[in-house]
Number of protein chains: 2
Amino acid sequence: MQTGSNSRKEQIIESAAKLFREKGFEAASMRDIAASLGIEAASLYSHIKSKDEILETICFSMAGKLLKAIDEVNDIYFNAEEKLGMAVKNHVEIVTGDMDASSVFIREWRRLKKPKLKEFIKLRNKYEEGFTQILVNGENENVFEAPDKKFAVLTILSALNWITEWYDPKGKMTPDEIAEHLTKFILTGLRVKTLHS
Amino acid sequence: MQTGSNSRKEQIIESAAKLFREKGFEAASMRDIAASLGIEAASLYSHIKSKDEILETICFSMAGKLLKAIDEVNDIYFNAEEKLGMAVKNHVEIVTGDMDASSVFIREWRRLKKPKLKEFIKLRNKYEEGFTQILVNGENENVFEAPDKKFAVLTILSALNWITEWYDPKGKMTPDEIAEHLTKFILTGLRVKTLHS
DNA sequence: TAATTTGCCTAACAAACGTTAGGATAAATA
DNA sequence: TATTTATCCTAACGTTTGTTAGGCAAATTA
C-alpha cells in the first residue's frame, strides 16, 4: 500500500464523488459505488476503511486545495482589488475543475462524523478569514467599503459556492469568464455608473 | 380529515423539517420523527401517506410562498430598483421566518421523486424568471447594467439562498437589516464611490 | 522457483429502514 | 346512547444497509 494501490483508491473516491453528488451521501450505497467500478461491495474494503473515510477524503482534499490557494494570494504582495480577483479566480478554477468533489464538499460535509466535522469547520473558518483579510486590506487602501466584513465575506462566498449548482462544463461560459463576471459583480454590482436622484 | 387532523399533520411536518435540516432527508428516519413527537413510527401513517409526501409538502409549500411573493412584486407598478428591494426583502423574510423548512427547501429538494422533482424544478425556474423580469425592467429604465441576465439572477439568488447556511434568529442581525445590506450589496458592490486609475 | 502481496470473490451478519395490518381507546358527533 | 372518527398501539414484513471473515488466483518480489 504505497504508490500502486493509491491509484485504485483514487478511482474509488472519484466514482464515489460522482454518486454522492448525484444521489447524496446516504442514498449512494457502497454497492452502488462498487457497481460503478464493476466489482463487489466487499472488494472496496481492500482499499478503503469505511464509507465515512471516502467522504472525509473528498471534503478535506477540497478544503486543502482552497486553503492553499487563498494563503498563496494573501502571501503575495498585491493590492486588495488584485487579491480579490485572484482569490475569486482560484476558487472558480478549483471548483469547476472537479465538479463532483466540489458538490460533495459543499453539500455533503454535514454528514461528516463528529471529530472530523469539527476539524472541517475549522478549515472552513480559516478560509473565510482569508477573504476577510483581503477586505481589511481593501479598507486600509481605501478602495473597499464593507462595514460588516463577516456579512460581506459570506455573501461573496455564497456566489462562489453556488457555482456548483449551475455550472456546466459543456456550457458556453468558461471558468475564466465566470471569475471575471463574478469579480466585476462583487466590486461594482448592478447599478450603472451615474448616481441619480 | 378536514380541519382538526390537519393540525397534527402540520406538527409532523414541522418536526420532520427540523430533523431533515439537522440530519438530512435520508438520515432522519421515520422513527426519529415519531420519537421527536413522542409516538411510534407506525402512528405517523394515520396522518401522512409516506416519507416522500412530507418532503414534497415542505418543498412545495416554500416554493408557493416565494412564487406568490415575486408575482406580487412584479404586479405592482414600481420602478426596478424598488422592485428588486422588495423582492429581496420578501425572500429574506420568508426564509428567515422558517429556517427549518427553508433549509430543506434549498438543500433537500433533490431527493424528490421523479414526477414531483420535475414539477418542482419548473417552479424554481418560474421564480428565477420573476427576478429576470426585474432586471429587464431595470435595463429599460437605464438603471441596471447586466449583459448576462441569467448569470446575474443566479448570483443574486445565491446570496439569498445562502442565508439558510448562516442566519441565526438569535444573532444581532434582523431580517430587515439583512435585506437592506443585501440590496445595497447587489446594487453597488464593494467599491467606494470614486473610480480611480 | 518460492514467498509475498494485491485485488477481487462468495457468504453472511446484525442493524436499520419504510411501511402495512389489525386492533384498542378515547373523543366527537348523531 | 349509539356511532363514527381520530389517534395511537404492537407486531411484523421484506429490503437494504455497511461491514467482516475467509479464501482464491494472478502479479510482484526475493
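Letters A, B, ... mirror the listed sequences (proteins, then strands); counts begin at 1. Computation of the quantities below employed the complete heavy-atom set of this structure, encompassing side-chain atoms and omitting hydrogens, waters and symmetry-equivalent molecules.
Distance CD (A:E53) to C1' (D:dT19): 14 Å, rounded to an integer number of Å. Atom C1' of nucleotide D:dT17 and atom CG of A:D52 are separated by 13 Å, given to the nearest angstrom. Following rounding to the nearest Å, B:I54 (CD1) and C:dC17 (P) show an atom-to-atom distance of 14 Å. Here the C1' atom of nucleotide C:dT19 and the CG atom of B:L44 are 11 Å apart, to the nearest Å. For the pair B:E26 CD and C:dC17 P, the computed distance is 12 Å after rounding to whole Å. Rounded to whole Å, the distance from CZ on A:R8 to C1' on C:dT5 is 17 Å. Counting to the nearest Å, the P atom of C:dC9 and the CD1 atom of A:I39 are 6 Å from each other. Rounded to an integer number of Å, the gap from A:Q11 CD to C:dG7 C1' is 12 Å.
Closest to the side chain of B:S29, from the set C:dT19, C:dC17, D:dG18, is C:dC17. In the set C:dG7, D:dT19, C:dT20, the nucleotide with an atom closest to the side chain of B:Y45 is C:dT20. In this structure, of C:dC9, C:dT19, D:dG18, it is D:dG18 that holds the atom nearest to the side chain of A:K51. The side chain of B:M30 has C:dG18 as its nearest neighbour among C:dC9, D:dT19, C:dG18. Each of C:dC8, D:dT10, D:dT20 was ranked by its minimum atom distance to the side chain of B:A42; first place goes to D:dT10.
Within 3.5 Å, a donor on the side chain of B:R31 pairs with an acceptor on the base of C:dG18, or the reverse.
With B:K83 as the fixed residue, the side-chain contact (heavy atoms from CB on, under 4.5 Å) test singles out one of B:L135, B:I134, B:I70, B:I76: B:I134.
Side chain of A:S102 to main chain of A:M99: no donor-acceptor pair is present (N/O by atom type, distance under 3.5 Å, no hydrogens or angles). Judged purely by atom type and a 3.5 angstrom limit, B:D100 has no side-chain atom pairing as donor or acceptor with the backbone of B:A17.
By the 6.0 Å and 45° rule, A:K149 does not stack over the aromatic ring of A:F131.
Dashed line: the shortest gap from a side-chain N or O of A:H47 to OP1 or OP2 of C:dT6 is not under 4.0 Å. At least one side-chain nitrogen or oxygen of B:S43 sits closer than 4.0 Å to the OP1 or OP2 atom of D:dC9.
A salt bridge does not link B:E26 to A:K23: none of the charged nitrogens lies less than 4.0 Å from a carboxylate oxygen.
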